There are 2 protein chains.
Amino acid sequence: MSIAAQLSPQLLAQLTEIVGESRVKTDASSLENWGKDYTKHFEPNPSVIVFPSSTEQVQQIVQFANANQIAITPSGGRTGLSAGAVASNGEIVVSLDKMSQILDFFPADRMVRIQAGVVTEQLQEYAESKDMYYPVDFASAGSSQMGGNIATNAGGIKVIKYGMTRNWVLGLTVVTGKGDVLRLNKGMIKNATGYALQHLFIGSEGTLGIVTEAEIKLERKPHDLQVMVLGVPDFDAVMPILHAFQSKIDLTAFEFFGEVAMQKVLDHGHVQRPFDTECPYYVLLEFEAPYEPIMDAAMEIFEHCMEEGWVLDGVLSQSLDQVESLWRLREDISESIAPFTPYKNDISVLITHVPAFIKEIEEIVEQNYPDFEICWFGHIGDGNLHLNILKPENLDKDDFFAKCKVVNEHVFNTVQKYDGSISAEHGVGMTKKPYLAMTRSAEEIEYMKVLKKVFDPNSIMNPGKLFD
Amino acid sequence: MSIAAQLSPQLLAQLTEIVGESRVKTDASSLENWGKDYTKHFEPNPSVIVFPSSTEQVQQIVQFANANQIAITPSGGRTGLSAGAVASNGEIVVSLDKMSQILDFFPADRMVRIQAGVVTEQLQEYAESKDMYYPVDFASAGSSQMGGNIATNAGGIKVIKYGMTRNWVLGLTVVTGKGDVLRLNKGMIKNATGYALQHLFIGSEGTLGIVTEAEIKLERKPHDLQVMVLGVPDFDAVMPILHAFQSKIDLTAFEFFGEVAMQKVLDHGHVQRPFDTECPYYVLLEFEAPYEPIMDAAMEIFEHCMEEGWVLDGVLSQSLDQVESLWRLREDISESIAPFTPYKNDISVLITHVPAFIKEIEEIVEQNYPDFEICWFGHIGDGNLHLNILKPENLDKDDFFAKCKVVNEHVFNTVQKYDGSISAEHGVGMTKKPYLAMTRSAEEIEYMKVLKKVFDPNSIMNPGKLFD
C-alpha cells in the first residue's frame, strides 16, 4: 500500500459530525480492507472510510464531498471482479455495512423493502423465513450486498429462469451525485409515468449516485429441484440439448463446463466424477419436478439426446444430497482453478453464436499459446461464458499476464465481431474500462458521459470507473 | 379539425426526397387519421405524414427536423389512451406503418429481430408459427405496434406472470432526437457495460427519439390453460384468494371486476352469467394445468376459499371454448361500457393498499356524486385498477366531464397518498401531463427534463407530451 491519502483534520471533523465518532475509520488496515474489492490489480488508497446509517447521512456525505471536491467510492460487500469498488486515489469510501436492515415485508406484493447493505444471503434467508424465495444467486452471495448487486446488475446461476438483479428491483432510493434523494418507482409493478430512472442507476457502478434503499420482489420457493449432469461429445451438441429440454421443461439453470474444469474440481478433492465416461464438455441442468410426469418428460428427452448422439452419458440426482454434490461440480470450479493463477474473462454473445465463438477462441489460443490450458465454464443458457486461461507451471507470472493481455485483444476482437459483451455480469470498473468501446459505440459512450454529468456534475461519484 | 398546418413546398420536397413520393401524405383525411390516437380530447393538426422504410430514412427525417426546427410526433398503431401520439401543432408525423418486417429469428436465443412497425398480433402469430409465444397481450393487440408498445412500456392481461413489455426487449435500435443511431444491447441477456440506455427509451413516449428496430425475447407456449371465475362477497376477500392460489400455482392472470361491469357485459349480449349467484366482485384467474395434480391443487384451494367465506360461487373452464367465453366476461368490459361515455382512469398502488384504496374512492364518489355508477376492473394481481365512472343517462356530457374532473382530483390525491401511480400502463402523453407531479417528485421531473435535453437538444421529439 502506498502512503495513505489524508483528509485535513477539519474535514475529518466535519465528516465525523455527520456519521458519528464510531463510524469513521482512518487506520491503515481499515483503509486497506475497505479500500478494495476482490480484484488485486490496483492499490487501495482511500483517505477515510465512513459508515453512514441512513439515507439522510449519505446525502450529507455527498453534499460534503461536493462542497469540498472530494471523490466518493461507494462500497458494498467488495466482492466485485472489475475493481469498481477500489478506492485508489484518496476517495472517501462510503461503506453501506451499517445499513443492513430489512425494513418492511409486503406479503400481498411479495416484496421487501431493504437497506442497501443487506447481504444477498441475508435476503435469501429472510425470504425463506417467509416461505418465499430471492432467486438471484451466485458464488459470493455470502458477502455481496444488495446495493452492490444493484449497482452492477448482478446475474449468476439462475438467470435463465429468473433474470438479472434488474428484474427484481421494484423501487430504489438513491442519493444522486448532485446530492438529491430520489425515491424511484416506489415498489410498483406498473407505473407508466415517464423515464424509468431506476434502470439508469441499476448497473451504473456507483458513478451516478449511491443506492441506499430498495424495494425487491420475491418469488415463490422452487419445488423439488432436480439436477442432471450430461457428458457431451462436442460443443455443437450443447445447443440442441438446450433446445430439446427447453421446449418441454422450464429450466432453472443450464450451465456448462469443459473437461479441464471437471479435472481441476476432481483434483481439488471434494467430489467425484458423476459417471465414468470422460467427455470434452458437460452440461448441468436444473428444473422443478413437483409432478411425476415432469420426471418422465425429462427422462424421455434425455434418451432422445442419447439417441441423437448429443449426450454420451448422464446422471440424474436421486436425492437432495446429490443435487448439492452435482452442483459442486460446477460451483467448485473457481476455487479449484485459483491455484493456477487464472486469467479470467467474463463475456457474452448471442447463444446462436456461442459454438462458433468458442471454436475461434480455442484456435487462437492453440495457435499462439499451445502450452496454455483453457478452462471454459459458464451460464451457457444466457450466452455467458467464463473464459479462464491457466498459467503453465514453468511460466513466470508477469510473463503469463503479459501474454494473456495479448490473448485478451484477440478475445475481445472476437467478442466485437459477434456483437457481444466484454463484460457479461462483472461490470466494467477499472479493469474493463480500456475495452468499453468494443461493446458500446462511440455515440453511446458519449451519451453515457453526458448522463453522468447530469447526475454528478462535479464528478465526485466513483471517478475513474466505467470511463474517464 | 382546424385549418391544416402547412410545410413550405421546398421543405415538403426535401422530405419527399428522403422517403419517396408515395410515402408522403398531406391530404386532409390522412392528416386527420394519422394525426391522432384513440383519445378524442385534442384536435389533430399535423403538417405532413411520412412513412419511412428504414432506420436511415428515420435518421434523415430527424436531421431534417432539427435543421428546420420542426417538431416530430412518432406514430405507431395509434391505440394510445393518453394522447401521446396526437399531433396537434403542425408536427411531422413519422409513421412506422411501412416498417413492419420481422427481420430475423434466433431459435437458440428464443428471440426475434423486428422493425418497430410490426403489429403486436403479427408478432404473436409469428411466434406461434415457430412454436413459441409472445406473452404481452391486451385489447388493442390487433392494431398496436411494437414500437408503440416499447415507447409506452405496454402491459396488459398477462403481466402477473410475464411482466411488462420492458421484460421482453433484449435490444433496441433508436434514432435519438439529436439524430444519432444507437444500437442498444444487441439482443444480449447479460451485458454489464455501463448505463442501460435502452431502458431509458422504453416508456419514454417518443420524447427522446424514435425506436426503429428491436430484439424481442419469446417464450415457450403455455400449455393447457385453465380459467376460473370466482364470485367474491367483498373486496377484502380478493387478496387472500390471490395469496392462496399464488402460493401453490403459478398464475398467468389474476383479473378482477365488479358486478356493475358484469351487468354491462351481460346486457351487451354475447356471454352469459357464469353462475347464478350475483356477487359484488369477481375474480378471473388463469393458470397452466398440463398435469392432473395441478387441477387437484386448484380445486383444493377453491374449496378452501369457499370454506373461508372468501368465495361465494365459482366456475372452472371445462373446454377451450369455455376458457374463451369466461375471458370475455373480462375482455368485453371496455366495449360494453363504451355507450355510457365512461370517464377512464388507469391507476396503480401496491397490492397491499388496494382494498383501502378502493374503499376510499367509493366513499368519495358516493358522497359527492351519488348518482354516478363506478365500474371497477383491472389487473389486480399487479395492483393496477381501471376506474371507470359511467355517465348517468340524464346528465349532459360536458357537465359529466366537468364533474369527473373534480372526482379525478380526489382520485389522484388518494393515489398520491398511497404512493401510487396516476398512470399504470397508459402513459402520460397530454392527458395525464397536469398530474405527473402526483407520482414523480419535483426533482425527478427536473432530471427527466434535463435528460430530454441530452437526447433531444432542440426539443423536436414529441414536444408537449409527458411534460412541457
Side-chain angles (χ1 to χ4, degrees), chain A residues 106-109 131 152-153 155 159 164 167 180 182-184 186-197 199-200 202-204 220 239 242-243 246-247 291 293 348 350-352 382-384 419-428 436 439-441 443-444 447-448 450-451 454-455 466, chain B residues 106-109 131 152-153 155 159 164 167 180 182-184 186-197 199-200 202-204 220 239 242-243 246-247 291 293 348 350-352 382-384 419-428 436 439-441 443-444 447-448 450-451 454-455 466:
Chain A
F106 302 85
D109 293 272
D131 202 31
T152 57
N153 190 24
V159 171
M164 310 288 283
N167 289 23
D180 294 312
L182 304 181
R183 209 176 142 221
L184 302 169
K186 306 173 211 164
M188 281 178 282
I189 290 170
K190 290 184 167 181
N191 177 21
T193 54
Y195 312 153
L197 301 182
H199 284 291
L200 211 47
I202 299 169
S204 65
R220 71 157 172 79
M239 295 303 139
L242 173 62
H243 187 73
Q246 225 171 5
S247 59
Y291 307 114
S348 91
L350 291 192
I351 301 173
T352 302
D382 321 308
N384 179 193
D419 270 344
S421 176
I422 54 128
S423 185
E425 56 176 6
H426 292 172
V428 173
L436 184 62
T439 291
R440 307 293 297 258
S441 69
E443 289 88 353
E444 282 183 80
Y447 278 113
M448 287 201 265
V450 180
L451 290 182
V454 170
F455 291 95
L466 212 45
Chain B
F106 302 85
D109 293 272
D131 203 31
T152 56
N153 189 25
V159 170
M164 308 289 282
N167 288 24
D180 293 313
L182 304 181
R183 209 176 141 222
L184 302 169
K186 305 173 212 163
M188 280 178 284
I189 291 170
K190 288 183 169 184
N191 177 22
T193 55
Y195 312 152
L197 301 183
H199 284 291
L200 211 46
I202 299 170
S204 65
R220 72 159 172 79
M239 296 303 140
L242 173 62
H243 187 72
Q246 226 172 5
S247 59
Y291 307 113
S348 91
L350 290 192
I351 301 173
T352 302
D382 321 309
N384 179 191
D419 269 344
S421 176
I422 54 126
S423 185
E425 57 176 5
H426 293 171
V428 174
L436 184 61
T439 292
R440 307 293 297 258
S441 70
E443 290 88 352
E444 283 183 80
Y447 278 113
M448 287 203 263
V450 180
L451 290 182
V454 170
F455 290 95
L466 211 46

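Any value given below was found using the heavy atoms of this structure, including those in side chains, with hydrogens, waters and symmetry copies removed. All values reported here derive from a predicted model rather than from experimental measurement. Labels below follow one simple rule: chain letters A, B, ... track the order of the sequence lines, proteins then strands, and each chain is numbered from 1.
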Quick check for you: to the nearest 0.5 Å, what is the distance between B:Met188 atom CE and A:Thr439 atom OG1?
6.0 Å

Under 30°, 30 to 60°, or over 60°: which ring-plane class applies to A:Tyr291 and B:Tyr291, parallel, tilted or perpendicular?
tilted

Of the listed B:Thr152, B:Val159, B:Asp131, B:Asn153, the one with the largest count of heavy-atom pairs under 4.5 Å with chain A is B:Val159

In terms of heavy-atom contacts, A:Arg440 and B:Gly194 come closest through NH1-C, 3.7 Å

List the steps and the verdict of side-chain contact (heavy atoms from CB on, under 4.5 Å) for B:His199 and A:Leu200.
CA-CA 7 Å; B:His199 284 291; A:Leu200 211 47; over 6 Å; no

Whatever's closer than 4.5 Å to a heavy atom in chain A on B:Met164 counts as side chain

Need one label for B:Leu436: side chain, backbone, both or neither, based on atoms under 4.5 Å from any heavy atom in chain A.
side chain

Please flag which part of B:Leu182 lies under 4.5 Å from any non-hydrogen atom of chain A: side chain, backbone, both or neither.
side chain

Give, as side chain, backbone, both or neither, the part of A:Ser348 having an atom under 4.5 angstrom from any heavy atom of chain B.
both

Counting heavy-atom pairs under 4.5 Å to chain B, which of A:Leu466, A:Leu197, A:Val428, A:Thr352 comes out on top?
A:Thr352

On a heavy-atom basis, the closest approach of B:Ser421 and A:Thr193 is OG-CG2, 3.5 Å

Do B:Leu184 and A:Glu444 have side-chain heavy atoms sitting under 4.5 Å apart?
yes

Quick one: are B:Tyr195 and A:Ile202 in side-chain contact, heavy atoms under 4.5 Å?
no

Do B:Leu451 and A:Val454 come close enough that some side-chain heavy atom pair is under 4.5 Å?
yes

Below 4.5 Å, heavy-atom pairs only: which of A:Gly155, A:Gly383, A:Gly420 has the largest tally toward chain B?
A:Gly420

Could you grab the distance from atom CG of A:Asn384 to atom CD1 of B:Ile189, nearest 0.5 Å is fine?
9.5 Å

Measuring heavy-atom distances to chain A, does B:Ser423 have an atom under 4.5 Å in its side chain, in its backbone, in both, or in neither?
both

In short, A:Leu350 meets B:Gly187 closest at the heavy-atom pair CD2-O, 3.4 Å

Is there a side-chain contact between A:Asp419 and B:Arg183 (heavy atoms, below 4.5 Å)?
yes

Between A:Asp109 and B:Ile351, the two heavy atoms sitting closest are OD1-N, 2.6 Å

Against chain A, work out which of B:Ile422, B:Asp180, B:Val450 has the most heavy-atom pairs shorter than 4.5 Å and name it.
B:Asp180

What residue in B:Pro107, B:Ser441, B:Ser247, B:Pro293 has the most heavy-atom pairs under 4.5 Å with chain A?
B:Pro293

Option that, when pairs with chain B are counted at under 4.5 Å, heavy atom only, ranks first among A:Glu425, A:His426, A:Met239, A:His243
A:Glu425

What distance do B:Asn191 atom CG and A:Asp382 atom CG have between them, rounded to the nearest 0.5 Å?
12.5 Å

